[in-house]
Amino acid sequence: EVQLVESGGGLVQTGGSLRLSCAASGFAFDDYSIGWFRQTPGKEREGVSAIHNGDGATYYLDSVKGRFTISNDKSKNTVYLQMNNLKPEDTATYCCGDMWSLAISASGGPNQDGVDYWGDGTVVTVSS
C-alpha cells in the first residue's frame, strides 16, 4: 500500500522558516519523483517543487526559487522541503505526491497530472 505522510507545517511570521517532510512507503522510492504542491481555498493546486529520487534532479516554481530547497534521504524514503524567507502568500495546505512520470509546468513547478498518490497535507500559515 502506497503511503505518503506529510509533517512539519505550522504558524510562522514573515521571514521565518519551516521544513516539511514527506515520508513515503509502498513503492520503489528511487524510481519515482516526489512533488510538493500547495492549495488555498478558491485557488487551483499549484506545483511548488519536485525531486527525482533516482538522479536527484530538482525543480522549483519560479516564485519560490532561492527560498525553498527540496532534498531527499533515501535511507528514510523521505523528501524534505526547506522553506526560508516565508511570505504570507506561501500560506497554504502543502501536500506531497509521488510521480512515475514527472512533467514540469511553464512556471517551473511539477504538473499535478502526473501524481499517482497524494498525502493528506500539512498546513503552513505565514503571518504578516
Side-chain angles (χ1 to χ4, degrees):
E1 178 188 6
V2 174
Q3 284 194 318
L4 298 163
V5 180
E6 302 95 336
S7 61
L11 171 64
V12 295
Q13 293 185 331
T14 296
S17 298
L18 284 173
R19 190 178 80 156
L20 306 184
S21 299
C22 172
S25 61
F27 61 95
F29 190 73
D30 278 14
D31 292 343
Y32 281 75
S33 299
I34 298 288
W36 281 100
F37 300 81
R38 65 187 181 188
Q39 190 168 23
T40 54
K43 290 187 177 181
E44 288 195 4
R45 185 181 285 144
E46 178 177 60
V48 176
S49 183
I51 184 168
H52 188 282
N53 291 319
D55 62 17
T58 58
Y59 306 87
Y60 296 94
L61 179 68
D62 290 340
S63 62
V64 308
K65 284 178 182 175
R67 300 189 297 123
F68 291 11
T69 303
I70 193 169
S71 62
N72 64 15
D73 184 339
K74 294 184 180 183
S75 70
K76 297 181 179 179
N77 281 9
T78 298
V79 170
Y80 303 99
L81 185 67
Q82 178 67 44
M83 306 188 295
N84 298 329
N85 191 21
L86 283 161
K87 304 176 181 181
E89 52 263 41
D90 295 318
T91 295
T93 297
Y94 285 71
C95 298
C96 62
D98 70 323
M99 296 169 286
W100 171 260
S101 177
L102 173 61
I104 301 301
S105 68
S107 56
N111 189 320
Q112 65 173 324
D113 291 344
V115 174
D116 299 316
Y117 292 92
W118 293 97
D120 290 335
T122 186
V123 178
V124 171
T125 304
V126 185
S127 64
S128 56

### Query
How far apart are the closest heavy atoms of G35 and M99, and which atoms are they?
N-CE, 3.3 Å
### Message
Counting only heavy atoms from other residues, nucleotides and ligands, does the tally under 6.0 Å from NZ of K76 exceed 12?
### Response
no
Side-chain donor/acceptor pairs under 3.5 Å, residues 110-125, sequence neighbours excluded:
residue : atom : partner : partner atom : Å
N111    : OD1  : D113    : N            : 2.9
Q112    : OE1  : R45     : NH1          : 3.0
D116    : OD2  : W100    : N            : 3.3
T122    : OG1  : G9      : N            : 3.0

### Query
How many angstroms lie between CD1 in I34 and OG in S71, if you round to the nearest 0.5 Å?
12.5 Å
### Message
Quick check against the 3.5 Å criterion: does T40 have a side-chain atom that pairs as donor or acceptor with the backbone of A92?
### Response
no
### Query
How far does OG of S49 sit from CZ of R67, to the nearest 0.5 angstrom?
12.0 Å
### Task
Would you mind listing every salt bridge (Lys or Arg N to Asp or Glu O under 4.0 Å) that reaches into residues 96-106, with sequence neighbours excluded?
none
### Query
Between atom CD of Q3 and atom CG of N77, what is the distance when rounded to the nearest 0.5 Å?
12.5 Å
### Task
Measure the CZ-OG distance between F68 and S17 for me, rounded to the nearest 0.5 Å.
9.5 Å
Using a 3.5 Å cut-off and no angle test, enumerate the donor-acceptor pairs between side-chain atoms of residues 57-64 and protein atoms at least two apart in sequence or in another chain.
residue : atom : partner : partner atom : Å
Y60     : OH   : I70     : N            : 2.8
D62     : OD1  : K65     : NZ           : 3.1

### Task
Return yes if some donor-acceptor pair links the side-chain N/O of D73 with the main-chain N/O of S75 below 3.5 Å, else return no.
yes
Taking only distance into account, with no hydrogens and no angle test, what donor-acceptor pairs under 3.5 Å do side-chain atoms of residues 24-32 form with protein atoms, sequence neighbours excluded?
none

### Message
Using only atom types and a distance under 3.5 Å, with no angle test, would you say the side chain of S21 pairs donor to acceptor with the backbone of Y80?
### Response
no
### Query
Hey, does M83 have a side-chain heavy atom less than 4.5 Å from the side chain of L20?
yes
### Query
With clusters built from Ile, Leu, Val, Met, Phe, Trp and Tyr whose side-chain heavy atoms come within less than 4.5 Å, directly or transitively, what are the remaining members of the cluster of V5, listed by chain and number?
none
### Message
Let me check something: do V79 and F37 share a hydrophobic cluster, defined by ILVMFWY side-chain heavy atoms less than 4.5 Å apart, either directly or through other members?
### Response
no
### Query
Measuring from E46:CD to R38:CZ, what's the distance to the nearest 0.5 Å?
4.5 Å
### Query
Linking I/L/V/M/F/W/Y whenever any side-chain heavy atoms sit under 4.5 Å apart, do V12 and Y94 land together?
yes
## Note on the structure
Separation between CG (N53) and OG (S33), nearest 0.5 Å, reads 6.5 Å
### By disulfide (SG to SG under 2.5 Å) - contacts of C22 (at least two apart)
C96
